[in-house]
Amino acid sequence: MKDIKDYITSYPDYPNKGIIFKDLLGLLREPYIFRDLIDKMASSQGIQDSDAILAIEARGFIFGSAIAFQSGKPMVVARKPNKLPGELINKEYELEYGTNILSIQKDSIKKFQKFNIVDDVLATGGTAKCATDLLMLEGKEVAGYSMVIEINALNGRKKLTGPVLSQLIV
Ligand code: AMP
């Protein structure tokens, strides 16, 4: 039985020295593996208990939209600067080198209270924490996090408030 780890490629020193980049795109080239992965993620308690999924740009969109389709849950997005029109909530967060900003459209989250945050990789947790802060600024709850891979040594889950379900912990 093939495992998702057989379709994930590690690239040392990309995009910066010392980072082992996890390339998950191989999963998309294996429809049966991808479908199993999405079935598993979509049926998790964390997704079932949420009102909506918040997917993080960019690879979070790939997994988030498939989970939304499979679970029947609505999906909203957190994006990088200058991508979203309308009234936004913005928050800056730390990257390994410098900072970045994530934004959510205020109107997009109005109807929902409990969110599950979806991304491809949980590394330091800064990105998922920023998405959490954005929702909390608007009085929303984060019911949990769904990640494809979690890099255990970076202890990203320590920064997060709800349960984290990762399909592969490396
Ligand atoms: P972090 O904020 O450190 O948890 O990083 C999470 C975000 O950066 C995710 O959106 C990932 O797509 C990306 N990322 C961080 N580290 C890696 C890695 N080693 N391989 C692939 N993507 C990564």
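Order of appearance sets the numbers: ligands from 1, and atoms from 1 within every ligand.
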Tell me the closest heavy-atom pair linking M75 and A68, and the distance in Å.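 For M75 versus A68, the nearest heavy atoms are CB-CB, 3.9 Å.
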
Quick check on N82: does its CG atom have over 12 non-hydrogen neighbours (other residues, nucleotides or ligands) under 6.0 Å away?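 No - once you tally the heavy atoms of other residues, nucleotides and ligands closer than 6.0 Å, there are 12 at most.
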
For the NZ atom of K129 and the CE atom of M136, what is their distance to the nearest 0.5 Å?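 Rounded to the nearest 0.5 Å, the NZ-CE separation comes out at 8.0 Å.
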
Once rounded to the nearest 0.5 Å, what's the spacing between atom CG of L165 and atom CZ of R157?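 Rounded to the nearest 0.5 Å, the CG-CZ separation comes out at 8.5 Å.
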
Mark the output for [X] as yes if a heavy-atom distance to ligand 1 is under 4.0 Å, and as no if none is.
X    : value
I151 : yes
I56  : no
G125 : yes

Among side-chain atoms of S10 and K22, is any donor-acceptor pair under 3.5 angstrom?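 Checked: S10/K22 side chains pair up, N/O donor to acceptor below 3.5 Å.
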
Between T132 and Y145, do the side chains contain a donor N or O and an acceptor N or O under 3.5 Å apart?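 A pair is found: one side chain offers a donor N or O, the other an acceptor, under 3.5 Å apart.
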
Give me the nearest non-hydrogen protein atom to [atom] as residue plus atom name, then the distance to 0.1 Å.
atom                    : answer
atom 13 (C) of ligand 1 : R59 NH2, 4.0 Å
atom 17 (C) of ligand 1 : V121 CG1, 3.9 Å
atom 15 (C) of ligand 1 : A123 CB, 3.7 Å
atom 20 (N) of ligand 1 : K22 N, 2.8 Å

Indicate yes or no for a side-chain donor-acceptor contact from K140 to the backbone of I109 under 3.5 Å, with no hydrogens or angles considered.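 Yes, because the side chain of K140 sits within donor-acceptor range (under 3.5 Å) of the backbone of I109.
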
Winner among L154, L102, T124, T127 once heavy atoms are compared against atom 3 (O) of ligand 1: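 Among L154, L102, T124, T127, the closest heavy atom to atom 3 (O) of ligand 1 belongs to T124.
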
Below a 4.0 angstrom heavy-atom separation, can you tell me which part of [X], side chain or backbone, both or neither, approaches ligand 1?
X    : value
D120 : side chain
D119 : side chain
I20  : backbone

Presence of salt bridge, E57 and K80, under 4.0 angstrom: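 Answer for the salt bridge query: no.
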
